[in-house]
Protein chains: 4
Amino acid sequence: MAKKVDSVARRDMILRAAVRVFARQGFAATRVEDVAAEAGVAKGSVYLCFDSRDALLVAAFEEYAAQAQAVIQEARSGAGDGLERLGALVRSVVDMVAAEPELARILVDLWAARRQGEAAGMDVPAVYREYRAVTAELLADAEAEGILRAGVGEVHAAVVVGAIEGCVLQWIVDPALPIAELAAPIVDVCVEGLRRGGAA
Amino acid sequence: MAKKVDSVARRDMILRAAVRVFARQGFAATRVEDVAAEAGVAKGSVYLCFDSRDALLVAAFEEYAAQAQAVIQEARSGAGDGLERLGALVRSVVDMVAAEPELARILVDLWAARRQGEAAGMDVPAVYREYRAVTAELLADAEAEGILRAGVGEVHAAVVVGAIEGCVLQWIVDPALPIAELAAPIVDVCVEGLRRGGAA
Amino acid sequence: MAKKVDSVARRDMILRAAVRVFARQGFAATRVEDVAAEAGVAKGSVYLCFDSRDALLVAAFEEYAAQAQAVIQEARSGAGDGLERLGALVRSVVDMVAAEPELARILVDLWAARRQGEAAGMDVPAVYREYRAVTAELLADAEAEGILRAGVGEVHAAVVVGAIEGCVLQWIVDPALPIAELAAPIVDVCVEGLRRGGAA
Amino acid sequence: MAKKVDSVARRDMILRAAVRVFARQGFAATRVEDVAAEAGVAKGSVYLCFDSRDALLVAAFEEYAAQAQAVIQEARSGAGDGLERLGALVRSVVDMVAAEPELARILVDLWAARRQGEAAGMDVPAVYREYRAVTAELLADAEAEGILRAGVGEVHAAVVVGAIEGCVLQWIVDPALPIAELAAPIVDVCVEGLRRGGAA
DNA sequence: GATGAATGAGGGTTCATTCAT
DNA sequence: TATGAATGAACCCTCATTCAT
């Protein structure tokens with residue numbers, strides 16, 4: 001039992017180290033040895049926990065996807081009307097990336113990896129499909145609640161998700177951009193702007 | 001003279017081939033020989049036009065940046081009020097990526113490359129800074145024209161740019177998403193939603 | 001400890017293999033893979049001990065330079081008058097190259113390498129400067145001892161060193177030349193010929 | 001006829017250029033394009049005069065060998081007793097290398113090349129065999145003339161040649177060494193030192 | 001003949017992965 | 001289990017040589 005815990009902890013330690021190095025240098029420029037050095041273990045030890053270098057990226061993706069899934073569940077099960085819950089979703093996503101910037105920064109590697117061998121086991125598009133789905137649900141709820149302005153449909157979900165992810169992207173590419181401060185204007189544009197009667 | 005033209009054409013042919021292969025396999029998984037084969041030339045011939053494999057990516061970036069620059073200039077010099085020109089900008093960017101999907105698809109490689117050696121000569125963040133700058137200018141114009149709703153400031157520019165790029169991102173990651181059909185809802189959310197009096 | 005010894009032994013084994021192949025084929029015609037094959041290891045293993053192909057040549061030079069240095073020290077600290085010690089020096093150098101013909105045979109590569117990148121870390125001229133310096137010292141001793149014929153000065157040191165190295169050169173270029181048998185006539189010409197009263 | 005002269009002149013111009021570049025960078029580090037650039041012609045033009053890059057080295061060798069042959073003939077047909085002619089030979093060789101230092105400086109490449117493919121057509125050992133042969137002849141003449149001290153035989157020829165070539169070697173490796181000033185001491189040691197009755 | 005663009009074999013080096021200790 | 005030395009496939013880039021113009 002203790003063994004198992006240790007083993008799990010060791011795997012997690014290595015994964016965290018990998019995420020740090022991937023965030024710093026990019027996946028393509030990161031050698032297994034870099035990850036091992038960051039984790040303070042030998043190169044061979046990485047292979048005790050992960051099948052391959054690609055598996056590290058897949059594991060990082062899984063962690064990211066799990067967080068996204070949690071945020072999505074929270075939005076689905078949250079309190080408030082559709083737009084309130086949409087606003088909360090926006091803030092949750094922004095909080096999530098701001099809380100673990102290094103995990104977020106490897107998103108570019110996940111996006112880039114999907115055409116390649118590393119992609120095995122990584123369904124990146126599914127994450128965005130989920131985001132769009134929950135957003136569409138919340139908009140539908142708002143519609144049903146009569147608080148959505150006319151003409152807003154499922155296609156707007158992609159725009160709302162795009163605004164969030166596009167802001168994250170700009171921040172990844174340019175860390176000087178204050179991502180935390182963007183939650184409010186995103187909500188302003190994508191939630192309040194869609195409210196019947198308009199923003200303010 | 002003819003020589004020069006041929007030489008330029010050859011370089012361009014190789015660059016286009018490179019973009020196609022990068023779009024298909026990703027930069028990391030593309031060998032110089034793949035590019036040569038796609039272009040129908042020998043491996044060594046690639047090096048007659050480009051200093052290195054990385055130089056191909058940089059050249060692709062330059063082409064993308066030039067297109068972005070053109071779109072930005074168009075927005076700056078265009079006719080109409082601030083919001084009309086912002087709407088035109090949104091549509092131009094979407095048209096641009098839809099017109100050359102392969103060039104757009106290497107964006108993920110450009111994003112991923114910025115932390116690495118390939119980055120020399122690629123100022124990816126500058127492209128987004130420019131996008132935000134021109135968007136902010138157009139919003140300021142709209143403000144001056146009295147057609148902007150209250151409370152919209154420079155920080156909203158990042159959201160507008162984010163909505164565009166975030167939609168592009170979703171389409172890159174999931175080509176099934178009909179990017180061309182997203183121009184309208186982006187404009188609806190990011191332009192009409194910011195108009196004084198709100199979207200119809 | 002055992003590890004360190006093994007590691008040193010392995011490096012030495014590869015270096016010896018490299019010297020053999022360089023002697024046989026010449027440095028220019030030797031690929032890293034040839035060295036690895038001769039040493040019975042994989043190509044990549046060479047790089048565990050040496051930074052580059054050039055580093056193999058530099059290491060060989062260092063071994064040669066160390067042997068030369070030892071011979072020079074021996075001449076400086078030896079017993080006998082100046083000319084006896086000069087004679088001993090001649091015989092030592094000849095013995096040295098005859099004892100390890102393969103190390104000697106790469107001298108041509110060292111000479112040829114000095115103008116190139118490989119040269120980093122190889123001060124070939126210094127070896128000959130040292131030879132001339134010690135020879136000049138021994139001649140000066142002989143002079144002080146009154147056993148040197150008149151008119152012999154520092155410039156003769158280059159001739160004595162030249163006679164030795166020139167014989168080695170002829171032997172390298174034409175292994176049929178019996179280098180061991182040349183020690184006596186070199187001494188006859190360069191030591192006895194400089195003795196006051198002349199050679200018998 | 002004029003054509004032929006031009007063609008020969010062109011070949012010679014390229015060969016001279018090659019010798020200059022080989023002397024400067026070494027053969028191994030010299031690309032055909034370097035030679036072409038030095039000669040002021042296009043890369044392909046080199047192949048109109050020479051079959052291959054190696055052929056340039058062979059041609060340089062032939063020029064060197066021809067000069068050596070001339071010096072040897074001169075010594076054989078010269079006036080004076082055996083030792084006078086040996087002294088003249090020494091001075092001729094030194095003058096030869098001093099007159100065309102660049103041609104001399106490629107000697108190291110010739111020495112190094114003999115184990116490799118380039119060697120085809122280059123009988124470097126033969127040059128030294130010839131040198132030894134003529135030296136031995138001159139010593140035999142001196143012996144017959146009764147001006148040679150006792151105990152000097154054919155094996156001493158290698159020493160005399162060695163002294164000359166060894167001095168040239170030291171100068172090639174270290175151009176600071178004044179080769180022209182070494183002719184006198186070489187003669188002093190290798191000619192006067194062998195004279196019956198000894199050097200003054 | 002003269003050119004230099006095009007070719008593609010060759011080889012130095014890296015690094016993911018394995019496995020004996 | 002942990003290690004890191006060993007492996008060898010992969011790949012970038014160079015450059016000798018060719019040949020169409």
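Reminder, nothing fancy here: chain letters follow the sequence lines and each chain counts from 1. Treat the numbers as computed from the prediction; the structure is a model and nothing was measured.
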Start at the 5' end of DNA chain E and walk down; is the nucleotide closest to C:Ala28 or to B:Val46 reached first? B:Val46

Among E:dA5, F:dA5, E:dA16, which is the nearest nucleotide to the side chain of B:Leu48? E:dA5

Rounded to whole angstroms, how far apart are CZ on C:Arg53 and P on E:dG10? 16 Å

A:Leu57 atom CG is separated from E:dA16 atom C1', nearest whole Å, by 15 Å

Out of E:dT17, E:dT3, F:dT17, which nucleotide sits closest to the side chain of D:Ser52? F:dT17

With a cut-off of less than 4.0 Å, is there a side-chain N or O of B:Arg10 near OP1 or OP2 of E:dA6? yes

When you compare the side chain of B:Phe27 with that of B:Asp54, does any pair of heavy atoms fall below 4.5 Å? yes

Please state how far atom CZ in A:Phe27 lies from atom C1' in E:dC15, giving the value in whole angstrom units. 13 Å

Sort and list the pairs that fulfil side chain to side chain donor-acceptor pair (under 3.5 Å) and have at least one residue in residues 57-68 of chain D, not counting sequence neighbours. D:Gln67-D:Glu100

Please evaluate residues B:Val41 and B:Leu48 with respect to the criterion side chain to side chain contact (heavy atoms under 4.5 Å, CB included), reporting the C-alpha separation (whole Å), side-chain torsions for both, the decisive distance (0.1 Å), and the verdict. CA-CA 11 Å; B:Val41 300; B:Leu48 294 175; over 6 Å; no

Which residue lies toward the 5' end of DNA chain F, D:Gly44 or C:Val41, if each is placed at its nearest nucleotide? C:Val41

Measure CG/C:Asp54 against P/E:dG12 and give the value in whole Å, please. 9 Å

What is the distance, rounded to the nearest whole Å, between atom OH of B:Tyr47 and atom P of F:dA16? 17 Å

Take atom CD1 of B:Ile14 and atom C1' of E:dA6, then tell me their distance rounded to the nearest Å. 10 Å

Check: D:Arg20 side chain, D:Ala39 main-chain N or O, donor-acceptor pair, under 3.5 Å: no

Select one nucleotide: of F:dA6, E:dA6, F:dT3, the one nearest the side-chain heavy atoms of D:Lys43. E:dA6

Less than 4.5 Å apart, any side-chain heavy atom of B:Trp111 and any of A:Leu107? no

Tell me the interatomic distance from C:Arg31, atom CZ, to E:dG12, atom C1', rounded to whole angstroms. 11 Å

So, does A:Arg24 use its side chain to make a donor-acceptor pair with the main chain of A:Glu102 at under 3.5 Å? no

Nearest to the side chain of C:Ala42, heavy atoms from C-beta on, is which of F:dT7, E:dA16, F:dC13? F:dT7

Quick one: the dot-bracket string of DNA chain F, using Watson-Crick and G-U wobble pairs with both distances under 3.5 Å, [ ] for crossing pairs and | for bases paired to another strand. .||||||||||||||||||||

Hey, is the side chain of B:Ser45 poking within less than 4.0 Å of OP1 or OP2 on E:dT7, counting only N and O atoms? yes

Could you check whether A:Asp12 pairs with A:Arg16 (Lys NZ or Arg NE/NH1/NH2 to Asp/Glu carboxylate O, under 4.0 Å)? yes

In whole Å, I'd like the distance from the CD atom of A:Glu33 to the C1' atom of F:dT3. 12 Å

